[in-house]
Trainee: 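The structure follows.
Note that this is a predicted model, so its numbers are computed, not measured. Remember, it's 1-based here, ligands and their atoms both numbered in the order they're listed.
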Amino acid sequence: MNELGRLEDLPAQYVEDLRQQNLVPLWPSLRAVLPPGKPRPNTKPTVWSYEALRPLLMKAGELTPMSKAERRVLVLANPGHGLDNMKASAAMYLGMQLLLPGEWAPSHRHTPNAVRMVVEGTGAWTTVDGEKCPMSRGDLILTPTGLWHEHGHDGDQPVIWLDVLDLPLVYYMETSYAIEGQRQTVQPGRGDRAYARGGLVPTPVFGRSGKAYPMLRYPWADARAALEALAADRPDMDAVQVRYVNPETGGDAQNILGFHALMLRPGQVLALPARSPASVFHVIEGGAEVAVDGHAFALAEADTCCAPGYVPITLKNRHADRPSFVFVADESPLHRKLGVYEERA
Ligand code: 1HN
């Protein structure tokens with residue numbers, strides 16, 4: 001590949017004349033925007049220890065009341081993107097949110113899609129589009145684009161969850177905004193009950209559910225049971241994984257980010273191919289070693305890490321005597337829709 005001319009090779013006055021007309025030459029920047037063979041991601045393999053983060057989040061509970069925070073969150077920022085840009089990857093935002101007993105995070109709705117993966121505590125709930133979703137360890141709760149949501153807490157211990165949003169992408173597109181609202185009225189109906197059995201969907205005689213997002217809460221007890229059943233039924237299967245889907249369409253649960261739960265069998269080593277989307281791994285139960293791009297992260301329960309796209313990743317169960325369970329978030333729905341999804345052997 002031949003060397004292209006640099007900006008410094010051009011007469012300064014010429015460059016200035018171009019700039020006066022809001023023009024710039026392409027060739028000095030061409031290789032930067034089209035690097036050879038594979039992208040040069042800013043996303044650095046990064047780990048966030050729950051043990052290190054938790055006391056800092058609890059301190060935020062003392063320092064900042066909800067009235068001054070609206071959402072009391074510490075953002076898990078990837079240093080490769082600049083800490084202040086609040087990105088775990090190009091399209092993913094991660095945050096750990098704390099709600100103390102009796103607190104309420106007021107109702108709002110916004111264009112970015114969010115999910116919550118509950119990390120600790122019981123007694124809190126999120127009301128999404130009028131459906132009150134109880135929160136307990138490992139539950140996944142969707143807050144899809146445009147739906148009202150608020151969080152409350154009737155228990156007596158702190159509740160902490162991991163937020164995953166497509167905020168960096170939606171913000172980059174200049175489509176990110178929020179609307180503040182009134183407290184929601186809770187409506188009857190629970191998607192996690194109506195859609196509790198895979199392969200069986202509620203079928204009204206007239207029409208469908210009428211909801212774009214019929215299932216908002218995916219209880220951990222169900223996801224775990226599905227993984228255990230799959231592992232028992234398919235002893236030869238190397239990746240025991242389920243995907244969080246919209247039960248009406250069978251497609252990804254949300255439009256931009258994808259969500260999976262993965263069970264590592266006792267002692268299992270699982271080599272994932274290099275794929276274009278960046279990914280996030282969060283340990284729900286057990287422990288996992290994540291090897292990516294020369295880094296080896298030993299994740300304990302509630303730890304989280306991220307990996308850039310286009311590199312192979314190896315996951316290893318740290319326990320030889322029991323399964324470990326990992327929540328995976330990635331940018332695959334986005335990549336597939338855009339036609340840039342790739343897997344490399
Ligand atoms: C948001 O709405 C929540 O509702 C949490 O709990 C984190 C980060 C950025 C933008 C909106 C929530 C958020 C957020």
Trainee: Using heavy atoms and a threshold below 4.0 Å, how should the contact between Thr143 and ligand 1 be classified: side chain, backbone, both, or neither?
Mentor: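 The answer is neither.
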Trainee: For atom 14 (C) of ligand 1, find the nearest protein heavy atom and state the residue, atom name and distance (0.1 Å precision).
Mentor: Leu165 CD2, 3.9 Å
Trainee: If you draw the axis of the six-membered ring of Trp125, does the NZ or CZ of Arg217 fall within 45° of it and under 6.0 Å from the ring centre?
Mentor: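 No, Arg217 does not sit over the ring of Trp125.
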Trainee: Charged N to carboxylate O below 4.0 Å: is that the case for Glu285 and Arg322?
Mentor: no
Trainee: List the closest protein heavy-atom neighbour of atom 6 (O) of ligand 1: residue, atom name, distance to the nearest 0.1 Å.
Mentor: His151 NE2, 2.6 Å
Trainee: What orientation do Trp220 and Phe325 show, parallel under 30°, tilted 30 to 60°, or perpendicular over 60°?
Mentor: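 Ring orientation of Trp220 relative to Phe325: perpendicular.
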Trainee: As a quick check of understanding, evaluate side-chain hydrogen bond (donor to acceptor under 3.5 Å, both in side chains) for Arg265 and His319, giving each step before the final call.
Mentor: CA-CA 9 Å; Arg265 298 177 196 267; His319 301 285; over 6 Å; no
Trainee: Of all the non-hydrogen atoms in the protein, which one sits nearest to atom 1 (C) of ligand 1, and at what distance?
Mentor: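 Here the closest protein heavy atom is His110 NE2, 3.7 Å.
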Trainee: Quick check on Met86 - does any of its heavy atoms sit under 4.0 Å from an atom of ligand 1?
Mentor: no
Trainee: Less than 3.5 Å apart, which donor and acceptor atoms pair up between the side chains of residues 1-10 and the rest of the protein, not counting sequence neighbours?
Mentor:
unit_1	atom_1	unit_2	atom_2	d
Arg6	NE	Asp9	OD1	3.4
Arg6	NH2	Asp9	OD1	3.1
Asp9	OD2	Arg6	N	2.7

Trainee: If you count the atoms of ligand 1 from 1 in the order shown, which ones are under 4.0 Å from a heavy atom of Tyr93?
Mentor: 7 (C), 8 (C)
Trainee: Report yes if some N/O of Arg116 lies less than 3.5 Å from some N/O of ligand 1; otherwise report no.
Mentor: yes
Trainee: Indicate yes or no: does Arg54 engage Glu120 in a salt bridge with an N to O separation below 4.0 Å.
Mentor: yes
Trainee: What protein heavy atom sits nearest atom 4 (O) of ligand 1, and how far off is it?
Mentor: Arg71 NE, 2.7 Å
Trainee: Who's the nearest protein heavy-atom neighbour of atom 7 (C) of ligand 1, and how far?
Mentor: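 The closest one turns out to be Asp163 OD2, 3.7 Å.
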Trainee: Report yes or no: does His108 have a heavy atom closer than 4.0 Å to ligand 1?
Mentor: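 It does, in that a heavy atom of His108 comes within the 4.0 Å cut-off of ligand 1.
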Trainee: Quick one: look up the protein heavy atom nearest atom 9 (C) of ligand 1 and list residue, atom name and how far away it is.
Mentor: Leu167 CD2, 3.7 Å
Trainee: Without swapping roles, check the side chain of Thr127 against the backbone of Gly130 for a donor-acceptor pair under 3.5 Å.
Mentor: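 Checked: no pair found.
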Trainee: So with a 6.0 Å cut-off around OH of Tyr171, is the heavy-atom count from everything else above 12?
Mentor: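 Result for OH/Tyr171: open.
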Trainee: Can you confirm, on distance only, whether ligand 1 has an N/O atom lying under 3.5 Å from any N/O atom belonging to Gln97?
Mentor: yes
